[in-house]
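Down below is the structure, laid out as structure tokens.
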2 protein chains.
Amino acid sequence: MGVVRKTKSVDLLLDQFKSGSEAISVIELVDRLSSKLNKTTIYRVLNNLEDDGVLHSFLGVNSLKWYAKCSGCSKTKHSDIHPHFQCTVCGKVDCLPVKMTIPEIPTHDVKSIQVLINGACTNCRA
Amino acid sequence: MGVVRKTKSVDLLLDQFKSGSEAISVIELVDRLSSKLNKTTIYRVLNNLEDDGVLHSFLGVNSLKWYAKCSGCSKTKHSDIHPHFQCTVCGKVDCLPVKMTIPEIPTHDVKSIQVLINGACTNCRA
DNA sequence: TTTGTTATTGCAACTGAGTTCTAATAAATT
DNA sequence: AATTTATTAGAACTCAGTTGCAATAACAAA
Ligand SMILES: [Mn+2]
Ligand SMILES: [Mn+2]
Ligand SMILES: [Zn+2]
Ligand SMILES: [Zn+2]
């Protein structure tokens with residue numbers, strides 16, 4: 001339903017995504033903010049910010065939910081489509097600024113595509 | 001650890017994958033077999049069959065775990081890499097026999113890639 | 001066939017990410 | 001300042017998946 005009122009909760013969560021373009025898991029956000037925000041509030045505000053095109057979410061390994069900043073999205077149009085990279089060494093998740101070619105599938109109507117890549121990130125590779 | 005003994009449980013689960021090449025969620029398998037097998041047993045046997053290269057697993061929408069037959073895999077080598085297609089209309093999941101081009105990412109060491117495509121399947125598209 | 005070994009199973013309890021419900025609170029409007 | 005209602009905290013809940021352990025059954029050896 002989107003964010004309507006500028007509350008302390010919205011500000012606190014937006015702060016977490018201010019610096020850097022790294023994705024953050026909800027578990028991590030709950031851990032960071034548990035003394036200031038209720039778990040339920042965190043889930044709801046993140047959901048609202050996604051509706052507004054401010055953040056986008058995706059599932060990492062272990063089916064954990066992750067959020068990252070959108071770039072160029074709005075309440076009416078989510079256009080920031082890209083693969084996500086989860087490092088198997090340090091666990092960090094990056095949004096990859098890479099053009100994905102959606103494969104031609106004559107037998108199916110493709111609407112969306114989610115790509116999760118695993119491997120070693122810039123810091124962790126030998 | 002793989003399957004060691006040919007038990008009733010192994011046979012029952014393999015039967016579910018005998019005909020057709022459609023993926024089946026664990027939830028569906030538990031539902032189908034709950035009168036004959038314990039939930040825990042189902043999870044364990046599926047895991048063993050995956051170790052043996054007989055089945056492969058992946059996560060669909062809602063983070064549910066799905067299994068499908070492998071083709072050309074063995075206990076030592078899982079080589080059956082392909083995208084999965086989940087129909088948003090009927091919910092069915094297909095293994096797509098499509099070559100995926102892993103994008104070049106000079107900043108990361110890519111080990112594996114998981115692709116989940118959403119849309120309408122052959123039966124459900126207008 | 002009988003016996004012994006141990007892989008496998010069933011069951012109950014547990015885990016934990018995410019959701020739901022409701023009363024209290026606080027942003028925003030009048 | 002009073003009113004409206006979006007938002008929040010908290011507790012309880014959901015449910016896919018896991019764990020621990022005692023009972024069972026495959027399978028090989030005798
Ligand atoms: Mn992203
Ligand atoms: Mn498959
Ligand atoms: Zn790393
Ligand atoms: Zn369909």
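The sequence lines fix the lettering, A, B, ..., with proteins before strands; numbering per chain opens at 1. Below, each value reflects all heavy atoms present in this structure, side chains not excepted, and no hydrogens, waters or symmetry copies. All values derive from a computational prediction rather than experimental measurement.
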Between [N] ([atom2]) and [X] ([atom1]): distance, integer Å:
X	N	atom1	atom2	value
Tyr67(B)	dA16(D)	OH	C1'	13 Å
Lys65(B)	dA17(C)	NZ	P	17 Å
Met1(B)	dT6(C)	CE	P	14 Å
Glu28(A)	dG18(C)	CD	C1'	17 Å
Ile42(B)	dC11(C)	CD1	P	12 Å
Leu59(A)	dG17(D)	CG	P	13 Å
Leu64(A)	dA16(D)	CG	P	17 Å
Lys36(A)	dT8(D)	NZ	P	15 Å

Query raised in the report: Do Asp80(B) and His82(B) pass the side chain to side chain donor-acceptor pair (under 3.5 Å) test, and can you show the C-alpha distance, the side-chain angles, and the key distance before you say yes or no?
Result: CA-CA 6 Å; Asp80(B) 189 14; His82(B) 52 258; 3.0 Å; yes

Query raised in the report: Going hydrophobic residue to hydrophobic residue with side-chain gaps under 4.5 angstrom, can you get from Ile105(B) over to Ile113(A)?
Result: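 Yes; tracing contacts between hydrophobic side chains, which count when under 4.5 Å, links both residues.
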
Query raised in the report: Taking all atoms of both residues into account, what is the closest heavy-atom pair of Ser63(A) and Leu59(B), and its distance?
Result: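 Looks like OG-CD1, 3.1 Å.
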
Would you say that [X] contacts [Y] through its side chain, given a criterion of any heavy-atom pair below 4.5 Å between the two side chains?
X	Y	answer
Asp94(A)	His84(A)	no
Asn47(A)	Asp51(A)	yes
Thr122(A)	His108(B)	yes
Glu50(A)	Tyr67(A)	yes
Gln16(A)	Leu29(A)	yes

Requested in this report: Establish, with yes or no, whether the OP1 or OP2 oxygen of dT8(D) is under 4.0 angstrom from a side-chain nitrogen or oxygen of Ser9(A).
Outcome: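 Yes.
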
Query raised in the report: Does dA26(D) have OP1 or OP2 sitting under 4.0 Å from an N or O in the side chain of Thr7(B)?
Result: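 No, no such contact exists.
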
Query raised in the report: Do any of residues 43-50 of chain A sit with a heavy atom less than 4.0 Å from DNA chain C, and if so which?
Result: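 When residues 43-50 of chain A is checked for heavy atoms under 4.0 Å from DNA chain C, the hits, listed by number, are Tyr43(A), Arg44(A).
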
Query - Under-4.0 Å salt bridge between Asp15(B) and Lys18(B) - result: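 Counted as a salt bridge, because a side-chain N and a carboxylate O are separated by less than 4.0 Å.
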
Please list, pair by pair, any protein nitrogen or oxygen found under 3.5 Å from a nitrogen or oxygen in nucleotides 11-15 of chain D.
unit_1, atom_1, unit_2, atom_2, d
dA11(D), N6, Thr40(A), OG1, 3.3

Query raised in the report: Is a donor-acceptor pair below 3.5 Å formed from side chain Arg5(B) to base dA7(C), judging by atom type as modelled?
Result: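 Donor-acceptor pair under 3.5 Å: yes.
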
